[in-house]
Amino acid sequence: MSKRILPIVLTLLLAIGLTACSGEAASDGNEEQKTESNQEESATNTEEPAEMAEQTESENILIAYYSHTGTTEAVAEQIASLTGGILSKIERTEEYGDLEAEAEVEILEGEQPEISIDVESIEEYETIFVGYPIWWDEAPAMISTFLANNDFEGKKIIPFCTSASDDIGNSLHIFEELCPGAVIAEGFTANNEADIEPWLQELGML
């Protein structure tokens, strides 16, 4: 009788042992899958804030510019392309009748003609590029209007210009006069397209 029972008992013990091993293996497999899943999720969560930060930083850059012939506009577009900033064109509400006569008088007399610009407010932007051509060694009067019409307190302004002969130096006084609370970067004369990217790198914008 005992000889018959012994094989049955051994068979049961073997079956129980195999079941236990199988359960442990499945448990280990589940734990590994959970660990891998958590690692992947953690990596994804780490990447997302970085992407969001980069996007937010780009959205905080405004490139406001006045361009009469399209030269300054081309520079502004290149800056926007490199930095991811938002372009905004400044336009004189009323077109000039006699450009040379009227524009020079505006500058000499410190006039601020009415302008239109395709951005409602600069409040959301932290860094603002301001671009223009040099006229009579100064910025066009529309730039003074733009600076006077907005609050630049605590913001960083980066002036740039295009010019066939003069550099930006003599035109920069309007930024200090009209934006006393802003941080004003050194102005840049963008006569060579190849100089724009190195300039932005020096500014820490790239």
Side-chain angles (χ1 to χ4, degrees), residues 52-68 71-94 103-163 166-191 195-206:
M52 290 175 65
E54 184 177 349
Q55 182 179 7
T56 301
E57 185 176 346
S58 297
E59 290 176 348
N60 284 339
I61 299 172
L62 179 70
I63 301 99
Y65 68 94
Y66 172 78
S67 184
H68 182 66
T71 304
T72 305
E73 183 171 53
V75 174
E77 288 173 348
Q78 186 174 352
I79 294 171
S81 176
L82 290 167
T83 64
I86 305 300
L87 277 172
S88 186
K89 187 173 184 178
I90 300 168
E91 296 184 284
R92 193 176 191 271
T93 303
E94 184 179 345
E104 186 176 14
V105 170
E106 283 179 340
I107 292 170
L108 292 175
E109 297 187 1
E111 295 180 10
Q112 294 175 0
E114 289 189 14
I115 62 170
S116 62
I117 183 167
D118 51 4
V119 61
E120 292 184 4
S121 171
I122 67 163
E123 185 176 348
E124 62 187 282
Y125 301 100
E126 297 299 323
T127 300
I128 301 163
F129 289 82
V130 180
Y132 50 90
I134 294 293
W135 287 355
W136 295 279
D137 209 21
E138 294 280 358
M142 287 68 73
I143 298 301
S144 292
T145 307
F146 172 68
L147 298 179
N149 285 356
N150 292 282
D151 181 9
F152 291 89
E153 181 75 30
K155 299 184 183 298
K156 183 176 183 179
I157 300 177
I158 305 176
F160 68 94
C161 79
T162 55
S163 173
D166 302 315
D167 65 20
I168 199 170
N170 196 63
S171 68
L172 295 177
H173 63 93
I174 61 172
F175 293 92
E176 296 177 359
E177 294 165 4
L178 298 173
C179 311
V183 177
I184 304 169
E186 184 178 352
F188 176 68
T189 304
N191 285 338
D195 293 337
I196 296 174
E197 186 169 353
W199 165 61
L200 292 173
Q201 289 173 338
E202 288 179 10
L203 289 171
M205 302 300 296
L206 300 181

Identify the heavy atoms of I107 and A141 that sit nearest to each other, and give their distance. CG1-N, 4.1 Å

d(E138 CD, H173 NE2) to nearest 0.5 Å is 3.5 Å

Proximity of F146 and F152 rings by center, below 6.0 Å: yes

Can you spot which of N191, T71, T72 makes a side chain to side chain donor-acceptor pair (under 3.5 Å) with T162? T72

Below 4.5 Å, heavy atoms only, C-beta onward: do S144 and L178 meet side chain to side chain? yes

Tell me if a side-chain donor or acceptor on D151 pairs with a main-chain N or O of E123 at a distance below 3.5 Å. no

Quick one, E202 and E186 - any side-chain contact, counting heavy atoms below 4.5 Å? no

Closest heavy-atom contact between E153 and G181? OE1-CA, 3.5 Å

As an exercise, state the distance from CD of E106 to CD of Q112, rounded to the nearest 0.5 Å. 10.5 Å

What's the spacing between I61 CD1 and L82 CG if we round to 0.5 Å? 10.5 Å

pair L87-Y65: side-chain heavy atoms closer than 4.5 Å: yes

Determine the interplanar angle of the F129 and F160 rings, folded into 0 to 90°, and report it as parallel if under 30°, tilted if 30 to 60°, perpendicular if over 60°. perpendicular

Is the closest side-chain heavy-atom distance between Y125 and I86 below 4.5 Å? yes

Testing the basics here: between I184 and C179, what is the closest heavy-atom pair and its distance to 0.1 Å? CD1-O, 4.2 Å

With the side chain counted from C-beta on, respond yes when P113 and T93 share a heavy-atom pair under 4.5 Å apart, and no when they do not. no

Smallest heavy-atom separation, I134 atom then Y132 atom, equals CD1-CE1, 3.8 Å

So do the side chains of I63 and T83 get within less than 4.5 Å of each other, counting heavy atoms only? yes

Output all residues satisfying side-chain hydrogen bond (donor to acceptor under 3.5 Å, both in side chains) with Y66, sequence neighbours left out; order by chain, then residue number. none

Any side-chain to backbone donor/acceptor pair from T145 onto E114? Under 3.5 Å, distance only. no

Between NE2 of H68 and CD of E73, what distance do you get to the nearest 0.5 Å? 12.5 Å

Nearest non-hydrogen partners of P133 and P140, listed with the distance: O-CD, 3.1 Å

Any chance you could lay out the side-chain contact (heavy atoms from CB on, under 4.5 Å) test for F188 and I196, step after step, and finish with the verdict? CA-CA 9 Å; F188 176 68; I196 296 174; 4.3 Å; yes

Going from CD1 on I117 to CG on N149, what distance comes out if it is rounded to the nearest 0.5 angstrom? 9.5 Å

Which pair of non-hydrogen atoms, one from S88 and one from V119, has the smallest distance, and what is that distance? OG-CG1, 3.3 Å

Just verifying a value: how many Å separate E176 CD and L147 CG, rounded to the nearest 0.5 Å? 12.0 Å

Side-chain heavy atoms of W199 within contact of I79, under 4.5 Å: yes

